[in-house]
Amino acid sequence: MLISSKKSLQEAAAGYFLILPVILVIIFLVIYPMITSIYISFTNKRLGVPFPKITGFTNYVQVLKSAVFERSLRNSIFWTLASGILQFILGMTLALILNQSFKGRFFFRGLFIVPWVTPGVVVAITYRWLLNGMVGIVNQIMVAIHIIPEPVGWFSDPRLVMPVLIYINVWRGIPFMMITLLAGLQTIPVELIEAAKADGAGVIRRFFFVTMPYMRHVIFIGLLIFTLWNFNNFDMIYLTTRGGPGTFSFTLPIMIYSAAFEEIEYGKAASISSFMFIFLMIIAMIYLQMMSREGDE
Amino acid sequence: MTCCRSFIKIAKVLFFILLLSFFTMLIAFPIYWIFASSLKPADELFVLPVTLLPGRISVQNFINLFNKTDVPFYFFNSVYVSVWVTVITIAISTLGAYSLTRYHYAGRELIAKLILFAYIFPGILILFPLHQIIVKLRLNDNFFGLILADLTFTVPFCLWMLRAFFAQLPVSLEESARIDGCTKIGAFFRVLLPIATPGIVASCVFAFILSWNEYMFALVFITKDSSKTLPLRIAGLLGHQYIDWGILLASSVIATFPIIIAFMFFQKYLIQGISAGAIKG
């Protein structure tokens, strides 16, 4: 087909025009603020400093030395890995269940999505109520069946708070993972499964040698999205414990928020943001590496 | 032996039912608990041992909610913000997705990668810089500032999803429309949009739900009480020294209710949306 050069120029212009609003949003609301943040991280901008000066890497050094940062980083990594793995395992299990055709399947599919569409604040309230030290039903039941001798302070015990928060986060994230994996499961050609069955492969074998390999791409995308989503998550922890007790449930996002809006130390907040950004780039690069390796196979 | 085979079959079914019940409990019980607890009268709420079903159904908590607090007012704030975010997001995203799938120009794939970058970009990193910009523009405590902030995550998300949707639709229909004398933009409105309706509905639902549940930007951008969104206001109730659980539970029900309703009607679209994004990646 012969396209006159004028027409293709027109078409290109129209194309650019249509995508322009999106690009403007990204440049002004994402890229520009981020660059601002990087600049601020090299200054001493904080409450009481009307004219911030460049201070070089001071903020970065101070952050690296702080114990709260070490705790936040450790919590962030623990949180991201544990949440991701559990969300995957449970999401996969539910996807496999929903992949079977049985009566009421669509009802359950709808039911299992509810945790994801519920507002974060409601989830926080729900679990604070369920795990309430005095009148929470979970404590009640556990004491009644003698798992624990007396009610536990789920949110006040520094050793329990992160695992509990992770559980809540997993509960919230399962639906999205489940739907993503279910979509992948439903692309597997029936003949492949039938062939494996005919070859005498049992359920477990079929799963690991037929299902999983076929869904590699979808699983990969799912894990990537969730790793990022979990790592960047602020809402769930802040709404449930504000990072408490003390700073025991601090993760990197919480620490950034606390530095910027509670301590009003913008330089500090910006430097933690830079660290987090570097960390994310590392994660992204690892994934890209793995993805290009997948493509070569 | 046949009886052995049917035994295994029954065992499988039993196992399946067990698994299903277990997960249903795990997922549904917390939700049920909030609803049930909100309907308990105050004297039953704090009494031990805890009752699974409310002994007496009481709407006192809801009455208190409406009388003692102004929470219902914030309901409308949230609606206002979410509707605007949805409208703007859909307008920008459909055009953008159309551009990315039906037009050819230099740097198209680069722009797609830029959008992916924005999609995975953490909101927390731009929280305080964006806040400073908004304050400078005097847009804090103004819904418009919050709407802009919400766009930073709804637009990349919906754009990515719509792009996957549009890519799946055959070009032939638009081409035949153009042969019949339609302009490219005309083909967009008259041919593509009608067929792409499921994808667009999915995007609307997503944009609405995401902005309704949004907390972080609202927390920072809105400090004036009267401009707060619902999740923000309710979270404020949670932070107090003395927590009125009755009201808190009732307000949770109110906050979740529209989402559940919207969700019941649009479940199909939601799932289609997530699935499309999962496959195309």
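Labels below follow one simple rule: chain letters A, B, ... track the order of the sequence lines, proteins then strands, and each chain is numbered from 1.
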J.: What are the two closest non-hydrogen atoms of B/Y269 and B/A202, and how far apart are they?
T.: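 The pair with the smallest heavy-atom distance is O-CB, 3.2 Å.
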
J.: Give the minimum heavy-atom separation between B/A97 and B/L159, together with the two atoms involved.
T.: N-CD1, 3.2 Å

J.: Please work out which of the three classes, parallel, tilted or perpendicular, describes the rings of A/F226 and A/F176, given edges at 30° and 60°.
T.: tilted

J.: For each of B/W212, B/F16, B/Y98, B/Y119, tally heavy-atom pairs with chain A at distances under 4.5 Å, and name the one with the top tally.
T.: B/F16

J.: Look at the aromatic rings of A/F279 and A/F231 and report parallel, tilted or perpendicular, splitting at 30° and 60°.
T.: parallel

J.: Residues two or more places apart in sequence or in another chain: which of them pass salt bridge (Lys or Arg N to Asp or Glu O under 4.0 Å) with B/R102?
T.: B/E174

J.: Taking B/T94, B/I27, B/L100 one by one, which has the highest count of heavy-atom pairs under 4.5 Å against chain A?
T.: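 Answer, by heavy-atom pair count under 4.5 Å with chain A: B/I27.
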
J.: Heavy-atom cut-off 4.5 Å, strictly under: side chain, backbone, both or neither for A/Y127 against chain B?
T.: side chain

J.: Which heavy atom of A/G120 sits nearest a heavy atom of A/R172, and at what distance?
T.: N-NH2, 3.4 Å

J.: Hey, can you tell me if B/F29 and B/W33 have their rings parallel, tilted or perpendicular (30° and 60° cut-offs)?
T.: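 Parallel: the ring planes of B/F29 and B/W33 meet at under 30°.
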
J.: With only heavy atoms counted, which part of A/I40 is less than 4.5 Å from chain B, the side chain, the backbone, both or neither?
T.: side chain

J.: Let's test your reading of the structure: which of A/L228, A/D235, A/V218, A/T36 forms the most heavy-atom pairs below 4.5 Å with chain B?
T.: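 Highest number of heavy-atom pairs under 4.5 Å: A/D235.
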
J.: By a 4.5 Å heavy-atom criterion (distance strictly below it), what part of B/L219 contacts chain A: side chain, backbone, both, or neither?
T.: side chain

J.: Please flag which part of A/W129 lies under 4.5 Å from any non-hydrogen atom of chain B: side chain, backbone, both or neither.
T.: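 Contact with chain B: backbone and side chain both.
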
J.: Would you mind checking which part of B/I209 comes under 4.5 Å of any heavy atom in chain A, side chain (CB onward), backbone (N, CA, C, O), both or neither?
T.: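 When you check distances to chain A, only side chain atoms of B/I209 fall under 4.5 Å.
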
J.: Side chain, backbone, both or neither: which part of A/A144 has a non-hydrogen atom closer than 4.5 Å to chain B?
T.: neither

J.: Sort A/A13 into side chain, backbone, both or neither according to what part of it lies under 4.5 angstrom from a heavy atom of chain B.
T.: neither

J.: For the aromatic rings, using the six-membered ring if either is Trp, is the centroid distance between B/F153 and B/F157 under 6.0 Å?
T.: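 No, they do not, as the ring centres are separated by 6.0 Å or more.
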
J.: Examine whether an atom of A/R128 lies under 4.5 Å from a heavy atom of chain B, and if so say whether it belongs to the side chain, the backbone or both; otherwise answer neither.
T.: both

J.: Can you tell me which portion of A/V22 sits under 4.5 Å from chain B's heavy atoms? Options are side chain, backbone, both or neither.
T.: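 Both backbone and side chain.
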
J.: Quick one: what part of A/L224 sits under 4.5 Å from any heavy atom of chain B, side chain, backbone, both or neither?
T.: neither

J.: For chain A, which candidate among B/A118, B/A106, B/S93 shows the most heavy-atom pairs at distances under 4.5 Å?
T.: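 Answer, by heavy-atom pair count under 4.5 Å with chain A: B/A106.
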
J.: Specify whether A/F220 and A/Y287 have parallel, tilted or perpendicular ring planes, treating 30° as the upper limit for parallel and 60° as the lower limit for perpendicular.
T.: perpendicular

J.: Within the supplied structure, the quantity of interest is the number of heavy atoms (other residues, nucleotides, ligands) at a distance under 6.0 Å from A/F28 CZ; does it exceed 12?
T.: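 Incorrect, the count does not exceed 12.
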
J.: Please look at A/M281 and chain B and tell me whether the side chain, the backbone, both or neither of the residue comes under 4.5 angstrom of a heavy atom of that chain.
T.: side chain

J.: Please check: side-chain N/O of B/T152 versus main-chain N/O of B/A149, any donor-acceptor pairing under 3.5 Å?
T.: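 Flag set: sc B/T152 to bb B/A149 pair under 3.5 Å.
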
J.: Do you know which of B/L127, B/L151, B/L210, B/L249 has the most heavy-atom pairs with chain A at a distance under 4.5 angstrom?
T.: B/L249

J.: Less than 4.0 Å between a side-chain N and a carboxylate O, is that true for A/E262 and A/K268?
T.: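 Result for this pair is no, no salt bridge flagged.
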
J.: Side chain, backbone, both or neither: which part of B/I133 has a heavy atom under 4.5 Å from chain A?
T.: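 For B/I133, the contact with chain A is made by the side chain alone.
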
J.: Taking every heavy-atom pair that is under 4.5 Å apart, which of B/I88, B/I111, B/V155, B/L230 has the most such pairs with chain A?
T.: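 When all of B/I88, B/I111, B/V155, B/L230 are compared, B/I111 has the most.
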
J.: Can any side-chain N or O of A/N232 pair as donor or acceptor with the backbone N or O of A/P253 at less than 3.5 Å?
T.: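 Pair absent, no side-chain N/O of A/N232 close to backbone of A/P253.
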
J.: Chain A heavy atoms under 4.5 Å from B/I120: which part of the residue, side chain, backbone, both or neither?
T.: both

J.: With a 4.5 angstrom heavy-atom cut-off, could you sort out which part of B/I115 is near chain A: side chain, backbone, both or neither?
T.: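 Contact with chain A involves both backbone and side-chain atoms of B/I115.
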
J.: Which atom pair, heavy atoms only, marks the closest approach of B/P30 to A/T126?
T.: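 Scanning both residues completely, I find the closest heavy atoms to be O-CG2, 3.4 Å.
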
J.: Among B/K268, B/Q132, B/R108, B/H131, who wins on heavy-atom pairs under 4.5 Å with chain A?
T.: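 Greatest number of close heavy-atom pairs with chain A: B/Q132.
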
J.: Considering only heavy atoms, which portion of A/A269 lies under 4.5 Å from any heavy atom of chain B: side chain, backbone, both, or neither?
T.: both

J.: Surrounding OH of B/Y32 (heavy atoms of other residues, nucleotides or ligands, distance under 6.0 Å), is the total greater than 12?
T.: yes

J.: Does any heavy atom of chain B fall under 4.5 Å from the side chain of A/Q100, the backbone, both, or neither of them?
T.: side chain

J.: For A/L94, which atoms come within 4.5 Å of any heavy atom of chain B: side chain, backbone, both, or neither?
T.: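 Just its side chain gets close to chain B.
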
J.: Between A/T93 and chain B, which part of the residue has a heavy atom less than 4.5 Å away: side chain, backbone, both or neither?
T.: side chain

J.: Sort A/I141 into side chain, backbone, both or neither according to what part of it lies under 4.5 angstrom from a heavy atom of chain B.
T.: neither

J.: With a 4.5 angstrom heavy-atom cut-off, which part of B/F208 approaches chain A: side chain, backbone, both or neither?
T.: neither

